[in-house]
Amino acid sequence: MVLPGSMDYALAIFDSIQEPPPATYNILIRAFTMKQSPEMAILLYIKMRDNAVEPDKYTFSGILKACSRLRVLKEGEQIHAHISKMGFGFHGFVQNTLIHLYANCGKVDVARRVFDKMQERGVITWNSMFAGYSKRGSWGEVVKLFQEMLELNVEFDEVSLISVLTACGRVGNLELGEWISEYIETKGLVGNLNLITSLVDMYAKCGRVEEARRLFHKMPRRDVVAWSAMISGYNQAGRCREALDLFHEMQIGNVDPNEVTMVSVLSSCAVLGAFETGKWVHFFIKRKRMKITVTLGTALMDFYAKCGSIEDSLEVFHKMSSKNVLSWTVLIKGLASNGQGRRALDFFTQMRKKNIEPNDVTFIGVLSACSHAGLVDEGRRLFVSMSRDYGIEPRIEHYGCMVDILARAGFLEEAYQFVTNMPIERNAIIYRTLLASCRVHKSVEFGEKSLENIVKLEPTHSGDYILLSNIYASVGRWEDASRVRRQMKEKGIKKSPGCTLIEIDGAIHEFLAEHSAHPQSKEIYRAVENMMKRIKSVGYVPDVTEARLDAEEDDKEAAVSHHSEKLAIAFGLINTSPGTTIRISKNLRVCSDCHTATKLISKVYNREIIVRDRNRFHHFKGGSCSCNDYW
DNA sequence: TTAGGGTTAG
């Protein structure tokens, strides 16, 4: 049984025994479960009953484990009935395994019933229940149960703490997490590296990344899980460059990453728009023959989609052996943000045909597809359908999408009414969405109304004032435009600096507007100047609104040059040859001026330029752009 | 011959 390979020899011995006693069956049942053939374990149990061999207390924990592994609830329930009939229902080991079985088959409530009926609960009973709730993602229940455990003065152990710390991280319960941390310190449990890993995870997820890092560095040994926890910690804190740096360190440290590690690494590449790095990661995954799990496949898809490489994303999707609602959602959102709204909706239809239930996030993708493709009626229909046909109550994000659909298409009055009649509390983002469309459609009336509302909710956000100011400017009301800018200054509201990331040869460069910290800054500024001169000579007229107002405000001749995006493009032009694709991502929306300029740059310099702002893509090629945003 | 644990995607 303990030898690697098949069970043939063990079976031969078993067959040679005339009347095998229960213990022989038990050992074989356990062995088959261990050796990845739990089906055989179940057959053996049936044989045992057919041969009228009485199961004992050892039999049940073994056979239940086989059911648990196969997730066969029906068989498990039948065995549960045998257990009760034969009077083993109050045996501790059996009960613990029952909890495990039910929890593993998605019946946590039944598991809890077994738990509640138990007269004596050992620490393993509690831990099994923690594991059950964790599997379902009921992290709050884990914390609640642990607090019960403390009140009842039940002894817990390191395994309990690992589960509870994980839960603390998920629900952001730093207070309990720190209490456990101190407990670990005082009880001298720091030698348990799995325990420290869950501490690292807890601190990182509660936003205390520095503390996580400190613990991580103090660990005498770090396995792949510890590294993965820390990398994901950086990733989730939005510190994606540090996540990639740590991945590099991990490789130097000769620890083999697994598919879980790669998910966080890819997610970081996606956030940074690190296309070359991510492609290398994909290659690395192939070379290591890692299993493309649903999660890893979805992370890959998301990475490609967020780098504007939607066809690669589709290829991964088609090759995935199993897909879930997240995979479909990523695809729909990816197509939508890459300007292929129609195609996104086609995939939504396909998804429905395959009986995959969409969830709230899927609808965010579907609605944003409508807004990107200008499909107003389709959007209205889907918005109604989501609650009526799918029982999903729209959240603020869904209302935001709907406002975007209406307003972007020019139905400003209807959009404003829609916001006014919303049954849930409005936030600044809703009005900001409206305001952005007012800028495009030059509507002073609704622009003013929107800003009025925004200021009540979020008075210090600079972009809103700029938008209204630009609306005034776009209709020639320069006095009003300057007044808004003055108000902004008087209130001490500063423009948040534009920030653009560009990756050249695998290295990520960051540009902040009016920031000259880059080692090549002189060369880059010169390139911006040349660039602007050259596209002006072929007919580019800077957006009067931006240029004139910025010049007034900052007394600068070429106000256009202080956009971070232009710095990044110039840097890209310096470092690439004609015909290549330049990919950049920025933290703010692409403004109309940059948009027009980039179109021309793509033509004059013969580069394909892909710009990602927070949630959409602009594919510039040969002087045109794929998006519907500016016209 | 029996039971429980840490890292992952929209």
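Chain identifiers are assigned alphabetically (A, B, ...) following the order of the sequence lines, protein sequences preceding nucleic acid strands; residue numbering begins at 1 within each chain. Values below: all heavy atoms of this structure, side chains included; hydrogens, waters and symmetry mates excluded. Being a predicted model, the structure only gives us computed values, none of them experimental.
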Q | Nucleotide dG10(B), atom C1' - distance to CZ of R395(A) in whole Å | A | 11 Å
Q. Taking only residues two or more places apart in sequence, or in another chain, which ones meet H398(A) in a ring pair (Phe, Tyr, Trp, His ring centres under 6.0 Å)?
A. none
Q) Starting at CE of M48(A) and ending at C1' of dT1(B), how long is that distance when rounded to a whole Å? A) 11 Å
**Q.** Listed partners of F347(A) passing ring pair (Phe, Tyr, Trp, His ring centres under 6.0 Å), at least two apart
**A.** none
Q: Identify, residue by residue, the members of residues 317-334 of chain A with a heavy atom below 4.0 Å from DNA chain B, and return them in order of residue number, or none.
A: N324(A), L326(A), T329(A), V330(A), K333(A)
Output side-chain donor-acceptor pairs under 3.5 Å for residues 309-317 of chain A, partner residues at least two apart or in another chain, one line each.
{"from": "S309(A)", "atom 1": "OG", "to": "D312(A)", "atom 2": "OD2", "distance (Å)": "2.7"}
{"from": "E311(A)", "atom 1": "OE2", "to": "R343(A)", "atom 2": "NH1", "distance (Å)": "3.1"}
{"from": "S313(A)", "atom 1": "OG", "to": "M301(A)", "atom 2": "O", "distance (Å)": "3.0"}
{"from": "E315(A)", "atom 1": "OE2", "to": "K319(A)", "atom 2": "NZ", "distance (Å)": "3.0"}

Q: Sequence neighbours left out, what pairs pass salt bridge (Lys or Arg N to Asp or Glu O under 4.0 Å) with at least one residue falling in residues 89-111 of chain A?
A: D109(A)-R136(A)
Q) Could you write nucleotides 2-7 of chain B as a row of B, S and -, 5' to 3', where a protein heavy atom under 4.0 Å of any base atom gives B, of only sugar-phosphate atoms gives S, and otherwise -? A) BBBBBB
Q: Round to a whole Å and report the spacing from CG of L296(A) to P of dG10(B).
A: 13 Å
Q. Quick one: ring-ring contact (aromatic ring centres under 6.0 Å, His included) pairs with a partner in residues 352-371 of chain A, sequence neighbours left out?
A. F348(A)-F363(A), F363(A)-Y390(A)
**Q.** All ring pair (Phe, Tyr, Trp, His ring centres under 6.0 Å) counterparts of Y133(A), not counting sequence neighbours
**A.** none
(Q) Near DNA chain B, counting only heavy atoms under 4.0 Å, which residues of residues 347-360 of chain A show up? (A) N359(A)
Q: Sequence neighbours left out, what passes ring pair (Phe, Tyr, Trp, His ring centres under 6.0 Å) with Y203(A)? Give chain and number order.
A: none
(Q) Taking side chain to side chain donor-acceptor pair (under 3.5 Å) as the definition, give me every residue that meets it alongside E242(A), ordered by chain and number, with sequence neighbours left out. (A) R239(A)
Q: Start with the C-alpha gap between D56(A) and N26(A), add the side-chain angles, then the distance that decides, and say whether side chain to side chain contact (heavy atoms under 4.5 Å, CB included) holds.
A: CA-CA 9 Å; D56(A) 61 16; N26(A) 297 345; 3.0 Å; yes
Q: Mind checking side chain to side chain donor-acceptor pair (under 3.5 Å) for R342(A) and listing every partner two or more places apart, or none if nothing turns up?
A: none
